[in-house]
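Read the structure below first, then the notes.
Below, chain A is the first sequence line, B the second, and so on; all start at residue 1.
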Amino acid sequence: MKVEVTTKRKFQELKEQEIKKQATNEQEGLDSESSTFQNTAEDVQRSKPLNPELVQAASAVASSFPRSKEQAESELLAQLRRHEETTDKQRRGGTINIRNVISEMAVKRQSPAQRGVRISNRISLEMDEDGQRIKPGRSSSRSFDSGRSLKAGKRLNIFTKASPETENTLKTVSSPTIWDLEFAKEIAAVTEQPPRNGFEEMIQWTKEGILWEFPIDNEAGMDDGAEFHEHIFLEKHLKDFPKQGPIRHFMELVICGLSKNPYLSVKQKIEHIEWFRNYFEEKKEFLQEI
Amino acid sequence: MAVDQDWSSVYPTAAAFKPASVPLPIRMGYPVKGGVPPPKEGNLELIKIPNFLHLTPPAIKKHCAALRDFCTEWPSALDSDEKCEQHFPIEIETVDYVSAGTSIRNPKARIVTLRVKLSNLNLDDHAKKKLIKLVGARYCKDTDVLTIIIDRCPLRRQNYDYGIHLLTVLYHESWKTEAWESEKTEEDMEEYIWENSSSQRNALDTLLQIKATENVSNVTKEDLLASEVVRNYRNSVIALKNEGETESNISQYKESVKKLLNIQALP
């Protein structure tokens with residue numbers, strides 16, 4: 001989009017607006033995954049209607065432009081709307097203006113020593129000769145060496161400070177974390193010896209599931225907790241059927257067959273009976289005629 | 001291999017045949033023409049087949065010694081079959097199936113067989129007869145054993161529970177007497193009862209007629225029933241009907257009839 005201006009003041013204004021637009025673009029690009037203008041236009045439609053004074057002011061500004069007045073006006077209005085949104089969001093206290101944050105930062109030159117520490121820290125999951133990890137304390141001490149300390153400097157307000165109690169409770173509740181489990185697995189994998197004899201190999205295979213557990217239980221893993229009376233005494237499922245007549249007779253035969261069937265689970269047997277119930281419900285009209 | 005080496009450490013678990021480890025001069029295979037079976041070195045036939053080199057008797061002794069710590073003693077009070085039967089009259093039989101395959105499942109594993117001797121159950125005459133009628137072919141008369149095979153449920157423990165439930169229900173039902181049981185006819189009887197049977201009626205009528213023609217004073221039925229000839233006749237008829245026709249049964253019947261009708265042997 002190109003907005004041409006004549007005066008320096010307007011240029012300044014529009015420059016700031018552009019910057020802000022880009023900032024909100026980036027911000028919304030960070031918030032949602034689209035940074036195109038069209039999507040923000042959609043957002044515009046969704047938001048609340050703007051202050052009529054602002055609208056008038058925007059149209060006045062746009063009318064002062066030599067070219068593409070409507071486009072400018074629409075873009076200004078869109079920008080205003082985005083302002084409304086951001087103010088709402090920030091009133092609720094959610095968003096961060098990344099632009100402000102990034103402006104404070106500068107690209108830091110890494111000393112080769114620090115780079116080496118970083119890389120070696122990444123590879124340091126393998127053990128040293130003594131079998132000890134490279135202590136993370138070393139890297140923090142190195143960071144002091146480069147002249148910039150962790151505690152000094154302006155707070156960036158990126159993270160909200162959690163209260164110490166919640167930290168403690170988090171520690172007790174979320175143990176063991178997934179990292180603890182991985183660490184434990186790592187230690188077990190490194191310290192295990194190959195099996196010394198055939199018996200230890202068989203133990204290892206049984207743990208892995210390669211060898212069956214002896215004495216063999218042909219029903220290992222098949223138990224669903226049902227009792228024999230749930231399989232055999234199925235009359236209680238016939239409550240909704242008529243008490244006399246051919247339907248009852250038929251359903252009693254169905255139940256007799258189901259009770260002798262050892263290959264279905266209780267749930268499947270109940271489903272069978274349900275199917276019949278639904279079938280007879282549907283055909284009720286036909287049956288009444290008979 | 002040294003002569004005094006421990007063989008169970010050479011083959012602790014099932015392993016393929018290693019010709020260098022096994023010091024025996026074994027030959028296996030189809031003999032070469034005009035020759036002998038091939039030797040053990042590189043002999044695939046020996047490697048293919050399963051061997052039991054890991055289960056020599058000393059190795060098994062060691063296994064047993066190791067397992068002994070996990071075992072409990074057989075109760076000393078149960079030193080004979082009769083005592084076992086007396087204390088544990090119900091026998092449950094289940095089968096586990098092992099096979100070489102990917103699946104551990106076998107549908108035959110759910111079958112439970114329950115065996116009990118009816119003499120161990122507390123049944124009176126009516127209850128026993130009713131129970132036998134209820135179970136039908138599952139009762140063996142010669143050994144007095146009731147066998148119930150249960151396989152209606154998918155799992156073994158469900159079948160076992162159902163079996164115990166069935167036995168309990170049978171026992172209690174056989175003790176109850178229903179109203180319609182009084183309509184039991186002669187065809188339903190399990191054994192022949194002479195009292196109130198046609199044989200008794202015929203015999204008594206015949207005797208009464210004989211007595212009437214001889215003009216003997218009124219002899220009552222009870223006297224006749226109590227008399228020895230009638231008793232003999234009764235026993236022989238019962239024996240014939242219940243046990244079938246045997247040589248001794250028929251001769252006994254002949255004697256009793258002769259005595260009853262006072263038929264003298266032909267001179």
Side-chain angles (χ1 to χ4, degrees), chain A residues 192-238 251-273, chain B residues 6-16 18 21 51-55 59-60 62-63 65-67 70-71 92 94-112 114 148-169:
Chain A
E192 71 185 5
Q193 305 288 336
R196 293 173 299 177
N197 55 35
F199 293 110
E200 290 198 355
E201 196 182 33
M202 290 205 282
I203 294 173
Q204 195 180 340
W205 285 347
T206 311
K207 278 190 198 149
E208 287 173 25
I210 298 174
L211 200 59
W212 286 333
E213 291 209 354
F214 289 88
I216 295 245
D217 178 17
N218 292 104
E219 292 159 2
M222 245 173 83
D223 202 335
D224 60 346
E227 296 295 324
F228 74 94
H229 52 84
E230 293 169 34
H231 278 282
I232 296 183
F233 302 121
L234 296 165
E235 275 147 14
K236 57 179 185 274
H237 301 294
L238 281 196
M251 286 314 296
E252 279 176 5
L253 290 174
V254 166
I255 277 186
C256 182
L258 281 177
S259 70
K260 294 191 181 164
N261 186 335
Y263 304 111
L264 294 178
S265 69
V266 179
K267 215 154 93 47
Q268 284 169 317
K269 290 183 185 176
I270 299 179
E271 276 170 17
H272 269 266
I273 301 176
Chain B
D6 176 28
W7 181 250
S8 55
S9 52
V10 180
Y11 269 87
T13 49
K18 295 178 221 103
S21 309
N51 62 62
F52 288 91
L53 294 164
H54 57 292
L55 291 177
I60 295 183
K62 284 193 197 170
H63 293 170
L67 288 173
F70 298 100
C71 300
I92 307 283
T94 53
V95 188
D96 286 301
Y97 295 89
V98 184
S99 64
T102 47
S103 172
I104 207 176
R105 305 260 174 257
N106 191 321
K108 292 195 281 188
R110 70 176 197 274
I111 300 175
V112 174
L114 197 144
I148 309 179
I149 302 177
I150 315 117
D151 62 352
R152 266 170 91 164
C153 297
L155 293 178
R156 183 187 291 168
R157 69 167 172 87
Q158 292 167 353
N159 281 326
Y160 170 74
D161 291 336
Y162 183 51
I164 300 291
H165 169 260
L166 269 182
L167 189 63
T168 318
V169 163

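- By number of non-hydrogen pairs under 4.5 angstrom with chain B, the leading residue of Asn197(A), Leu264(A), Asp223(A) is Asp223(A).
- For Glu213(A), the CD atom counts as loosely surrounded, since its 6.0 Å shell holds 12 or fewer non-hydrogen atoms of other residues, nucleotides or ligands.
- No more than 12 heavy atoms of other residues, nucleotides or ligands shown are found within 6.0 angstrom of CD on Glu235(A).
- Sequence neighbours left out, not one pair with a member in residues 194-225 of chain A passes ring pair (Phe, Tyr, Trp, His ring centres under 6.0 Å).
- The most heavy-atom pairs under 4.5 Å with chain A, out of Ile104(B), Asn106(B), Thr13(B), Asn159(B), come from Ile104(B).
- For Thr94(B), no part sits under 4.5 Å from any heavy atom of chain A, backbone or side chain.
- In this structure, the portions of Ser259(A) lying under 4.5 Å from any heavy atom of chain B include both its backbone and its side chain.
- When Ala14(B), Ser103(B), Pro107(B) are compared by the number of non-hydrogen pairs under 4.5 Å with chain A, Ser103(B) comes out ahead.
- Counting non-hydrogen atoms of neighbouring residues, nucleotides and ligands closer than 6.0 angstrom, the NZ atom of Lys236(A) exceeds 12 such neighbours.
- No more than 12 heavy atoms of other residues, nucleotides or ligands lie within 6.0 Å of NZ in Lys260(A), so this atom counts as exposed by the packing criterion.
- Atom CD1 of Ile149(B) sits in a sparse spot, with 12 or fewer heavy atoms from other residues, nucleotides or ligands closer than 6.0 Å.
- Your options are Asn218(A), Asn261(A), Asp217(A), and the one with the most heavy-atom pairs under 4.5 Å with chain B is Asn218(A).
- Contact tally against chain A (heavy-atom pairs below 4.5 Å) for Asp151(B), Leu155(B), Asp96(B): the top residue is Leu155(B).
- Judged as a ring-ring contact (aromatic ring centres under 6.0 Å, His included), and not counting sequence neighbours, His63(B) has no contacts.
- Contact annotation for His165(B): only side-chain heavy atoms (C-beta onward) come within less than 4.5 Å of a heavy atom of chain A.
- Here Arg110(B) is the residue among Arg156(B), Lys108(B), Arg110(B) with the most heavy-atom pairs under 4.5 Å with chain A.
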